[in-house]
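Along the sequence shown, residues carry numbers from 1.
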Amino acid sequence: MTLRTLLLGACSALAFAGMASAETLTIATVNNGDMIRMQKLTDDFKKKNPDIDLEWVTLEENVLRQKVTTDIATKGGQYDVLTIGTYEVPIWAKQGWLLPLDNLGADYDADDLLPAIRSGLTADGKLYAAPFYGESSMVMYRKDLFEAAGLKMPDAPTWDFIAEAAKKITNKDKEIYGICLRGKAGWGENMAFLTAMSNSFGARWFDEQWKPQFDQPEWKDTLNFYVNLMKEAGPPGASSNGFNENLALFQTGKCGMWIDATVAASFVSNPKESTVADKVGFALAPDKGLGKRGNWLWAWNLAIPAGSQKVEAAEKFVAWATSKDYTNLVAEKEGWLNAPPGTRTSLYANADYQKAAPFAKMTLDSINAADPTKPTVKPVPYVGVQFVAIPEFQGIGTAVGQQFSAALAGQVSVDQALQSAQQLTTREMTKAGYIK
């Protein structure tokens, strides 16, 4: 055997050993624009961590929640990094299902995280998830349609103004609908919007004794307003539309207004993705004059399930994807407009970001205005703006969302939907021991 053969054999053995020692992280994530962008930029992570491979499981929002919840509750161990929301983090941390993120590196700078976002991800003084992006909600609207109709959008509109404007700018012959709102059933889809909206109408999920409140006039006012507005000025098939569907409608010029997540601002303002990018304006979520606006508070976060066998590799990925360096990477590759918003104080102090993102201040103001500890006009026993932070809410919220989606589709009346919501919520809360 020649020396060359021996050397080649040794090199092959070393290469094989290197391949064999590489860890593969399975990452469960949601199919929205910022997460898709992250996947495209992971060459940067691979260069810094050649011994870690990444496998992606990318799912629609409702499906992701179901699969991730089932896996972690049954200790299935399918995923090494989870994409979860502000709702799940404190509940799952309390259950012992998540690992505290104590080792994200000396330069991670957790103190730079926006206090409103960080507090929702903290339990017993420890961070249990790192925010990839944070959001509230606001009005996105077509300035050209408003101008043509002789309308001016206030910085802080009322629901009555929104309804009037939506009807005026609707032109169904040209497939331009005055307003697009979530209708797809799900506690994080239509119920995220409707719960936040109901807060501004003076409604609440439960009174201080945990009695459901769908039989109260505030909820009837909310749902009637929503259904009537969508019938008059919304797109056809609205009961099937969630965030992604409405985003596509707005980007193709079919929505005059869209009230949804502030994170969408960069997508509707991006000329590579939106046909109306140069025509978009922004305003705070509407109110009814009761002291609460219809805006929520949310973050999509990366977390590590307890019992993970790949903790060190998972921590490296979480730190990379939620770091200041990642924000700078996005800015370098795709411009400051596309930097993941709503997580770090330093981003909103950055002059380049302020210049590139006309919605930056509105986003920050909306995030800071949402108060999970006092989400409603009347007192409540729960925290959470567009959700109720109890384990049972996921199932109850989706079931109620199905009733409200059916009302939007005209399959049941508003009164029937509210009666069903009251009955099913009362049944589940009694079963769970909240009410006698």
Side-chain angles (χ1 to χ4, degrees), residues 30-32 59-66 137 139-140 159 162-163 166-167 169-173 175-201 203 205 214 218-261 264 268 285-286 294 296 298 386-387 393-425:
V30 65
N31 67 337
N32 62 32
L59 302 165
E60 188 268 333
E61 189 169 317
N62 286 341
V63 179
L64 174 80
R65 289 192 170 109
Q66 181 183 9
S137 52
V139 183
M140 292 160 276
W159 282 111
I162 291 294
K167 293 165 192 173
I169 62 178
T170 295
N171 188 334
K172 294 184 180 180
D173 292 337
E175 290 189 288
I176 296 174
Y177 304 97
I179 194 160
C180 291
L181 302 173
R182 297 187 188 194
K184 180 188 287 187
W187 72 266
E189 278 282 10
N190 65 337
M191 291 314 299
F193 173 78
L194 284 168
T195 300
M197 179 183 181
S198 76
N199 293 340
S200 66
F201 274 67
W205 268 81
F214 294 108
E218 293 89 351
W219 262 111
K220 186 171 182 176
D221 291 346
T222 302
L223 200 57
N224 270 322
F225 184 95
Y226 165 77
V227 169
N228 291 335
L229 176 59
M230 293 298 285
K231 282 181 179 176
E232 292 187 60
S239 61
S240 299
N241 293 345
F243 174 85
N244 285 329
E245 291 81 8
N246 284 329
L247 172 61
L249 286 169
F250 195 95
Q251 287 179 321
T252 53
K254 295 185 177 182
C255 294
M257 285 182 286
W258 180 29
I259 304 172
D260 213 297
V268 299
W296 63 64
W298 185 256
Q386 78 280 24
F387 57 82
F393 182 75
Q394 186 165 349
I396 294 172
T398 295
V400 171
Q402 289 165 349
Q403 296 298 321
F404 291 177
S405 186
L408 180 59
Q411 297 165 355
V412 298
S413 69
V414 165
D415 285 345
Q416 287 171 323
L418 289 167
Q419 184 180 13
S420 296
Q422 181 72 10
Q423 289 172 348
L424 73 87
T425 306

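The shortest side-chain heavy-atom distance between K254 and I176 does not fall under the 4.5 Å cut-off. Proximity of W187 to V400: side-chain heavy atoms (C-beta onward) are nowhere separated by under 4.5 Å. Side-chain contact between F214 and T222 is absent, with no heavy-atom pair separated by less than 4.5 Å. No side-chain heavy atom of D415 sits less than 4.5 Å from a side-chain heavy atom of Q419. For the pair S137 and W296, the minimum side-chain heavy-atom distance is below 4.5 Å. Annotation: side chain of L247 is in contact with side chain of W258 (closest heavy-atom distance under 4.5 Å).
P286 and I259 get closest at one heavy-atom pair: CG-CD1, 3.8 Å. Across every non-hydrogen atom of S420 and Q403, the tightest pair is CB-OE1, 3.3 Å. When all heavy atoms of M230 and A238 are compared, the closest pair comes out as CE-CB, 3.6 Å. When all heavy atoms of I179 and P235 are compared, the closest pair comes out as O-CD, 3.4 Å. Taking each heavy atom of E189 and K184 in turn, the nearest pair found is CB-O, 3.2 Å. What you find for L424 and A399 is that their closest heavy atoms are CD1-CB, 3.7 Å.
The backbone N or O of S239 lies less than 3.5 Å from no partner atom in the side chain of R182, so there is not a single donor-acceptor pair. Within the 3.5 Å criterion, the main-chain N or O of G186 finds no donor-acceptor partner in the side chain of N62.
Ring pair W298/F387 is perpendicular by interplanar angle, where above 60° counts as perpendicular and below 30° as parallel. The aromatic rings of W205 and F393 sit perpendicular, their planes meeting at an angle over 60°, well past the 30° parallel limit.
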Verdict with supporting geometry, Y226 and W159, ring-ring contact (aromatic ring centres under 6.0 Å, His included): CA-CA 10 Å; Y226 165 77; W159 282 111; 9.3 Å; no
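Rounded to the nearest 0.5 angstrom, R65 CZ and L59 CG are separated by 12.0 Å. Taken to the nearest 0.5 Å, the CG atom of L418 stands 7.5 Å off from the CG atom of N224. Taking CG from N241 and CG from N246, the interatomic distance works out to 5.0 Å, rounded to the nearest 0.5 Å.
The neighbour count for E245 CD, taken as heavy atoms of other residues, nucleotides or ligands under 6.0 Å away, is above 12.
Checking W219 against S198 by side-chain atom types alone, no donor-acceptor pair falls below 3.5 Å.
Salt bridge absent: E232 and K172 never bring a charged side-chain N and a carboxylate O closer than 4.0 Å.
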